[in-house]
Number of protein chains: 2
Amino acid sequence: MIRLEEARLATLKDVAALAGVSVKTVSNVVNGYAFVKPENRRRVEEALTATGYRPNIGARNLRRGRTGFVALVLPELVVPYFAELAGLVLGAAQEQEWNVLIEQTLGTREGERDTLASLGPHMIDGAIVSPEALEARDFGELAPGIPVVMLGEHSVDLPLDHVGIDNVEAARVAVAHLIGLGRTRIAAIGAHPHRGTAAQRLEGYRKALTEAGLPVRDDLVATALNYHRRDGADAMARLLAGDEPPDAVFCFNDLLAVGAVRAAAERGVRVPADVAVVGFDNTEEGTYSLPSLTTVAPDKAAIARAAVDLLRRRVDDPERPPEHVRTPFSLEIRESTRGGA
Amino acid sequence: MIRLEEARLATLKDVAALAGVSVKTVSNVVNGYAFVKPENRRRVEEALTATGYRPNIGARNLRRGRTGFVALVLPELVVPYFAELAGLVLGAAQEQEWNVLIEQTLGTREGERDTLASLGPHMIDGAIVSPEALEARDFGELAPGIPVVMLGEHSVDLPLDHVGIDNVEAARVAVAHLIGLGRTRIAAIGAHPHRGTAAQRLEGYRKALTEAGLPVRDDLVATALNYHRRDGADAMARLLAGDEPPDAVFCFNDLLAVGAVRAAAERGVRVPADVAVVGFDNTEEGTYSLPSLTTVAPDKAAIARAAVDLLRRRVDDPERPPEHVRTPFSLEIRESTRGGA
DNA sequence: CGACTGCTTTACAACGTTGTACCAACGATG
DNA sequence: CATCGTTGGTACAACGTTGTAAAGCAGTCG
């Protein structure tokens with residue numbers, strides 16, 4: 001049963017020798033060029049399967065000037081939203097015959113800059129970037145002219161393609177839902193000095209309160225420097241320790257919400273009876289948590305698809321004007337804002 | 001402020017022309033060759049920064065016969081264990097100057113085979129594979145001689161490098177913990193016909209019961225064809241509907257455990273009072289869930305590091321005998337098996 | 001002073017692929 | 001019969017890089 005594999009992989013040259021034609025003819029067959037004599041085509045195809053030929057992508061790309069790789073630059077895979085999104089982007093990219101290089105920036109400006117710098121310009125055809133702390137000048141690090149699609153909101157106002165939901169409106173809807181439940185001391189968790197999405201969600205939060213004639217109280221806006229469960233728990237603990245603790249909390253992502261729920265439970269504060277909680281991202285974790293999470297649900301599949309489509313079009317035509325795609329979202333109402341346990 | 005970027009990226013030739021030396025001398029400087037006259041080195045370095053030269057990875061790899069890419073083949077990024085692991089592998093690979101190509105197989109044999117086949121042999125230096133349904137013959141799809149490191153247990157007995165914890169022992173420890181709480185009707189969730197790890201964890205489960213003189217009852221072993229939250233919930237529902245419902249459950253991963261806890265809660269069954277629950281993987285989700293999850297905690301960082309190290313050594317010396325690395329684990333005891341709510 | 005040694009640099013080929021230019025048949029057209 | 005367009009095929013160069021071999025130039029030794 002021991003089978004000696006040929007040490008070297010077959011190249012066009014090997015196939016050509018076996019089929020008795022020129023290298024270029026084999027290349028033509030491989031690339032589906034029309035004008036090849038049927039007889040020769042057959043011979044080449046036989047030789048192709050006989051040798052188990054696989055094209056050398058590197059060499060092909062060197063010649064063609066394309067790499068077949070795109071980078072997906074995101075903060076952290078351990079954040080379920082990004083893990084889910086990455087999975088969907090992987091799928092969408094596969095349809096474009098693109099391989100995806102996932103790069104983690106860890107959410108810091110340093111990390112984002114290093115990543116952009118390290119992505120050799122020759123390495124990728126383009127990049128899908130989900131920035132957290134990126135600023136305009138950081139884009140100088142990207143190789144000149146690399147096609148980029150941005151995900152989520154970004155404060156930097158660059159002429160780049162962009163995909164995202166209407167964060168202001170989504171936040172407004174979420175908070176309006178809480179107001180509709182009769183809650184009046186509604187807190188927000190997730191304010192952040194440098195994050196574009198944070199600013200927008202905060203704006204939506206304020207808008208909803210104002211529209212309902214409720215005061216916007218600074219002591220009910222909790223900052224979170226990261227968006228992990230721990231940060232949500234810490235923020236909730238601070239809010240609950242205040243003089244007038246909130247009766248509802250709008251968290252800027254599901255992880256913060258999970259942490260907030262946990263912190264509440266640890267203090268004997270019931271969700272939703274004492275505090276209603278809304279999250280953001282509709283990660284699967286929130287549908288099984290106790291209580292399950294009411295959350296803003298962006299259409300992640302649509303985001304992934306749109307991002308890859310946009311990148312494809314940008315790569316094919318670098319001169320086209322930048323496009324902004326708004327993807328839909330919905331509000332998933334679950335136990336954390338409902339009567340149920 | 002408009003800056004025209006040069007259309008073409010600088011190549012060694014451009015740098016050489018600017019510095020007034022040969023292409024090879026520039027290459028030597030770039031690669032840190034020792035014997036370059038200081039004067040020339042200085043000139044080259046100036047030209048290097050002046051042109052903003054970045055090596056063309058594709059061309060370099062074509063020449064060197066290495067690609068600088070490794071594939072990480074895993075079932076699904078939405079499974080937190082794999083997301084966490086992927087993040088760690090990304091970090092470890094970065095230290096080896098490797099770029100990581102993440103491929104999702106979706107846990108099916110088809111997916112795993114397609115993935116292996118699509119990874120052009122020229123595309124990667126090696127692969128780290130976390131198989132779920134893979135069988136021995138599928139490895140024929142991998143290009144002959146591609147270095148592979150396997151993660152987790154695999155039933156296929158191939159001469160491959162391998163990293164994983166002692167699943168039998170880990171499962172035994174987990175179940176022994178439940179027995180130590182005085183539980184006697186201990187169920188298992190996660191049996192699977194084709195999964196190597198499932199078989200091993202089941203063996204550990206049986207071993208612990210037998211050692212304690214408890215009967216192994218087939219009606220307390222629940223199959224899960226996937227390891228998602230939904231599968232855990234379904235399995236738990238089936239168990240609770242039985243004649244003698246369990247007073248403890250050992251789940252083969254944390255997602256199953258989360259689903260099981262949810263299903264119990266929906267039926268008014270208290271965790272841990274009525275049913276104690278143990279998970280596996282120590283995902284962060286389990287530390288914030290209500291109740292928090294007692295779980296087997298593999299050292300994921302150690303796994304990632306070992307996998308990358310092993311792959312590096314295999315790439316450097318394809319002839320070395322396969323190595324099996326056992327990474328440590330611990331049992332994290334939390335609320336789901338403790339007195340607390 | 002010739003030969004050897006060690007440093008420094010260069011020209012050239014090669015990795016595997018594809019675009020360009022060109023050549024050779026062939027049948028159809030003038 | 002000369003010409004032309006179509007079809008089928010090939011040789012060569014080039015993408016950007018690095019290994020090899022070899023050459024130039026010191027200085028040193030016998």
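Protein chains get the first letters and strands the later ones, always in sequence-line order, with residue 1 at the start of each.
In this structure, A/Asn31 reaches the C/dT18 phosphate: one of its side-chain N or O atoms is under 4.0 Å from OP1 or OP2. Put simply, A/Ser27 has a side-chain N or O that comes within less than 4.0 Å of OP1 or OP2 on C/dT18. Phosphate contact (OP1/OP2 of D/dT17, side-chain N/O of B/Tyr53, threshold under 4.0 Å): present. Close to D/dG16, at under 4.0 Å from its OP1 or OP2, lies no side-chain N or O of B/Arg60. The shortest distance between the side-chain N/O atoms of A/Thr25 and the OP1/OP2 oxygens of D/dG8 is not below 4.0 Å. In terms of phosphate contacts, B/Ser22 brings a side-chain nitrogen or oxygen within less than 4.0 Å of OP1 or OP2 of C/dT10.
If you take CG of A/Asp14 and P of C/dC15, they are 10 Å apart, rounded to a whole angstrom.
At its two ends the helix from C/dC1-D/dG30 to C/dG30-D/dC1 runs along axes set 70° apart, each axis drawn from five pairs and the angle rounded to 10°.
By the 4.5 Å heavy-atom criterion applied to side chains, B/Leu311 and B/Val308 are not counted as neighbours. Within the 4.5 Å cutoff, side-chain heavy atoms of B/Ile102 are placed close to those of A/Leu77.
With salt bridges taken as basic N to acidic carboxylate O contacts below 4.0 Å, one links B/Arg312 and B/Asp316. Between A/Arg42 and A/Glu39 there is a salt bridge, since a side-chain N of the basic residue sits under 4.0 Å from a carboxylate O of the acidic one.
Here CD1 of B/Ile165 is found 10.5 Å from NZ of B/Lys300. Values are rounded to the nearest 0.5 Å.
Between the side chain of A/Ser27 and the backbone N or O of A/Val23 there is no donor-acceptor pair closer than 3.5 Å.
Between B/Arg64 and A/Asn28, it is B/Arg64 whose nearest contact on DNA chain C lies nearer the 5' terminus.
For a distance-only test at 3.5 Å, the side chain of B/Arg63 qualifies as a donor-acceptor partner of the base of D/dT18. Not a single donor-acceptor contact under 3.5 angstrom links the side-chain atoms of A/Lys24 to the base of D/dG9.
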